[in-house]
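Order of the sequence lines sets the chain letters (A, B, ...), proteins ahead of strands, with each chain counted from 1.
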Amino acid sequence: MTTTAADQQIIRSPGQRGVWAWITTVDHKRIGLLYAVTAAAFFFIGGLEALLVRTQLFGPDLEVLSAAAYNQLFTMHGLTMVFLVVMPIAAAFTNYFLPILIGARDVAFPRLNAFSYWLFLLAGLLIYSSFLLGGAPDGAWVGYAPLSTQLTEVVRMDFWSIGLQLLGVASIASSANFIATVFTMRAPGMTMLRMPVFAWMSLVVAFLLIFSLPSVAIGLFQLFLDRNYGALFYASAAGGDPLLWQHLFWIFGHPEVYVLVLPAMGIVSEVLPTFARKPLFGYPFVVFAGAAIGFVGFGVWSHHMFTSGMGPLAEAGFGVATMIIAVPTGVKIFNWIGTLWGGKIKFNTPMLFSVAFIAMFTIGGLSGVTHAVVPSDTQQHDTYYVVAHFHYVLFGGAIFGYVSGVYYWFPKWTGRMLNETLGKIHFWLALIGFNLTFGPMHILGLNGMPRRTYRYPDGLGWANWNAVATIGAYIILLAFLVFAWNIVRSHFLAKGERVGNDPWDGRTLEWTIASPPPVHNFDEVPVVHSLDDFWHQKYAEDEEGRAVRMPAVTGGALTVDKKTGGEGDDDGEHLDIHMPSPSYYPALSALGIATLGAGLIYLPWGFFAVGIGGAIMLWGLFGWSLEPVTKEH
Amino acid sequence: MTDAAIDAAHGGHEEHHDVKPVRKTAMWVFLGSEFVFFGAMISTFLLYRNTTNGGPGSEIFDIPFTSASSFVLLMSSLTMVLAHNAFENKDMRQTRVWLVATAFLGATFLAGQIFEFTEFIHEGLTLPTSPFGSSFYMLTGFHGIHVAVGVMLLTAMAILSLSGRLYDDRGLNVELVGLYWHFVDIIWIVIFTVVYLLQV
């Protein structure tokens with residue numbers, strides 16, 4: 001287990017070490033770290049799949065992979081990156097920092113939080129077990145019917161539909177949890193409009209998931225029934241309409257795009273003010289733009305379907321809605337630029353990644369606006385132009401934002417800094433590799449290269465740019481190996497510089513507590529008086545509005561915690577703070593549901609697994625709802 | 001922010017004593033999600049309402065019979081309210097009576113649904129008959145599963161109340177199950193109207 005060192009730093013009380021302590025943990029910080037480590041592992045697996053795909057496309061008529069293997073790899077790459085990397089890394093940040101940023105000691109439902117993690121992990125493992133059980137899903141991550149309903153004798157797409165279903169249950173549970181946390185657990189004085197932008201974006205994302213996931217859940221059930229029980233939802237011969245799948249999928253799928261990117265925007269909105277040493281420009285605009293993206297995001301799904309013949313009225317409507325959603329996004333970009341304007345900018349690694357996020361996301365956003373133009377989109381549909389677009393948004397955008405977050409918050413997680421030189425090498429390799437890989441795909445797409453294509457002949461003018469893209473992909477690998485080494489070196493080899501509570505001269509509540517934080521986060525629940533409260537505790541303004549450091553911060557809730565300073569081994573018992581007790585029921589319930597799901601794939605004889613899984617699930621859920629939250633000592 | 005929530009945020013002892021608003025918030029959010037879940041199935045049904053693929057269509061519905069079973073289900077919301085009311089008044093015996101009554105009415109509805117499904121299958125409407133059949137069985141089937149889960153929860157609470165272990169600060173409590181139960185009833189009003197009554 002790679003997180004053992006962090007484990008020992010965070011919790012030292014008896015009975016809290018080892019694997020069992022991690023399985024039964026209900027501490028939002030530990031669950032956040034579990035999400036982070038799991039997402040990192042899947043990131044390297046999903047990256048490897050992309051590298052194999054790129055290697056196959058390096059030159060014309062190559063045969064590095066078989067066509068069947070190629071289909072599985074691009075499907076699993078998309079599935080992995082969306083559901084097993086970007087969503088969980090966002091969940092990692094949200095779990096770890098949402099409660100701290102709003103001044104709470106944990107999320108509203110610590111055990112439900114653990115359940116979400118274990119179900120996510122088991123669903124990921126279930127999907128990946130398909131490689132050993134006859135082949136991975138191969139109908140693309142969007143699983144369009146009727147392709148995904150054919151071939152009923154092969155279970156691959158059942159792994160996909162059941163796996164996504166389980167991931168959806170995990171996400172709904174954690175979203176309800178985060179919403180209840182934000183609405184009911186904020187510290188005194190932490191009004192909604194004093195919450196850090198990252199907390200706001202987590203809230204918007206939770207609402208997006210709550211209202212979008214059920215749509216794809218129904219679609220997945222319908223596909224499953226079509227494939228296994230002869231239902232006719234997508235059978236056009238019987239009058240079924242395969243387009244229904246596309247609607248149900250994209251009503252989820254488009255809000256999902258904002259689910260992936262809004263938390264990254266939240267992180268960038270924390271990083272920029274810290275290193276520009278200025279408050280976020282137009283905070284309410286950034287918040288309301290995020291909320292507006294959430295609302296409008298539900299009204300644009302059909303722009304994924306402009307070539308399906310919806311008719312001019314629907315196409316015009318969805319085209320205009322798509323252009324409208326660019327407005328709040330543009331508002332955010334101008335606010336970020338306004339934040340940087342006139343600031344005393346420190347270009348260290350988190351800042352570099354955040355600035356790169358703005359630039360790359362703007363490019364991706366602009367190519368996105370070209371999709372809103374229906375005649376133009378008809379030409380671009382299912383070409384590499386689309387692949388270029390969404391990688392600029394989700395890699396140059398989302399992933400760069402999350403990497404920025406890792407560099408920014410790593411000292412809070414571990415008490416150690418990441419190395420700046422290695423960080424800058426990582427940054428430049430990633431930026432160059434990324435643009436070499438995905439920049440040329442714009443040209444390839446406009447020259448007509450279809451996406452998900454296994455091979456292409458020579459003489460179409462695609463060979464050179466494909467070679468460039470593949471070289472770029474290997475540079476990205478190099479960049480992230482440097483990143484991995486930086487983390488290993490800093491934390492596991494303990495070579496990172498040790499830091500105190502507030503290494504960046506930060507603005508928000510997490511910098512008021514020890515690094516890593518004690519189990520109960522706050523000895524005394526903070527009382528919040530303004531946005532960026534911690535900053536205002538440290539700085540006053542002179543007549544010209546410049547920040548002037550106040551003599552010394554003493555007294556009040558926001559002082560450095562001397563009892564736990566830098567150690568974080570305090571379980572808070574001496575302060576008479578009772579944190580929720582560890583529980584194995586969440587992991588048990590998740591195991592039951594996952595077993596039940598796995599059984600469904602192999603019905604009828606999988607019925608035994610369904611029965612056993614159902615029984616375990618009931619045991620877990622009833623045990624869970626009947627045990628007290630905090631056991632008496 | 002309510003006083004209760006401020007108390008909860010203040011932590012310490014109060015934290016795990018006043019969890020009711022927190023749990024209710026999450027329950028409402030979950031039910032919001034459930035509305036989309038059923039909304040997607042109702043949309044599918046509306047799309048395929050007349051796509052009978054040569055099999056039976058909506059003419060096989062027995063409106064008087066389903067009206068009766070719908071009435072039974074709606075009455076169970078009344079008994080649920082009485083159960084919750086008795087629980088708030090700390091009257092465990094009354095609570096138990098009304099919980100059992102609610103579970104019984106729910107089970108009666110389920111029995112009616114099983115009878116109805118059997119009839120339809122005899123008349124040639126199955127899941128693989130037509131998109132109409134697929135969407136009918138999926139929509140009403142998922143609703144039936146929701147009722148069954150509710151009956152299970154109600155029964156479990158009635159049993160727990162015998163040993164005096166029915167608390168209002170645990171996951172399984174009368175108020176939350178009540179919210180869920182009313183939701184299941186409200187969704188049935190929509191399903192009954194859209195599937196059975198709207199024959200345009």
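Of all the heavy atoms in B/P131 and A/G239, the pair that sits closest is CG-C, 4.0 Å. Between B/T25 and A/A180, the closest heavy-atom pair is CG2-CA, 4.1 Å. When all heavy atoms of A/F233 and B/M138 are compared, the pair lying nearest together is CZ-SD, 3.5 Å.
The local environment of OH in B/Y196 is crowded, with over 12 non-hydrogen atoms from other residues, nucleotides or ligands closer than 6.0 Å. Few gaps surround CZ on B/F65; more than 12 heavy atoms of other groups in view lie less than 6.0 Å from it.
Using a 4.5 Å cut-off between heavy atoms, B/L127 contacts chain A through both its backbone and its side chain. Contacts between A/N177 and chain B at a heavy-atom distance below 4.5 Å are absent for every atom of the residue. Proximity to chain A is absent for every atom of B/F38, based on heavy atoms less than 4.5 angstrom apart. Neither the backbone nor the side chain of A/L213 comes within contact range of chain B; no heavy atoms are under 4.5 Å apart. Proximity to chain B is limited to the side chain of A/L248, based on heavy atoms less than 4.5 angstrom apart. A/I218 touches chain B through backbone and side chain together, each having a heavy atom under 4.5 Å away.
The distance from the OH atom of A/Y229 to the OG1 atom of B/T126 is 14.5 Å, given to the nearest 0.5 Å. The structure places CZ of B/R23 at 10.0 Å from CG of A/L112, a figure rounded to the nearest 0.5 Å. Within the model, atoms OG of A/S215 and CE of B/M41 stand 11.5 Å from one another, a figure rounded to the nearest 0.5 Å. Atom-to-atom distance recorded for B/T51:OG1 and A/D241:CG is 9.0 Å, nearest 0.5 angstrom. Rounded to the nearest 0.5 Å, atoms CG (A/D226) and OG (B/S134) are 6.5 Å apart. Rounded to the nearest 0.5 angstrom, A/W245 CH2 and B/T44 OG1 are separated by 11.5 Å.
Comparing B/P128, B/S135, B/S130, B/S43 by how many heavy-atom pairs each has under 4.5 Å with chain A, the most go to B/P128. By number of non-hydrogen pairs under 4.5 angstrom with chain A, the leading residue of B/F35, B/Y137, B/F142 is B/F142. Interface summary for chain B: among A/T181, A/L244, A/I179, the most heavy-atom pairs under 4.5 angstrom belong to A/L244.
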Open item on the list: Evaluate A/L232 against B/Y48 for side-chain contact (heavy atoms from CB on, under 4.5 Å), listing each step before the verdict.
Closed with: CA-CA 10 Å; A/L232 298 169; B/Y48 291 145; over 6 Å; no
TODO: Output, in order, the C-alpha distance, side-chain angles, deciding distance and verdict of side-chain contact (heavy atoms from CB on, under 4.5 Å) for A/L626 and B/L160.
DONE: CA-CA 10 Å; A/L626 294 175; B/L160 284 172; 3.4 Å; yes
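Residues B/V22 and A/F109 form a side-chain contact, since some pair of their non-hydrogen atoms from C-beta on lies under 4.5 Å apart.
Using bins of under 30°, 30° to 60° and over 60° for the plane-to-plane angle, the ring pair B/F37/A/F221 lands in the perpendicular bin.
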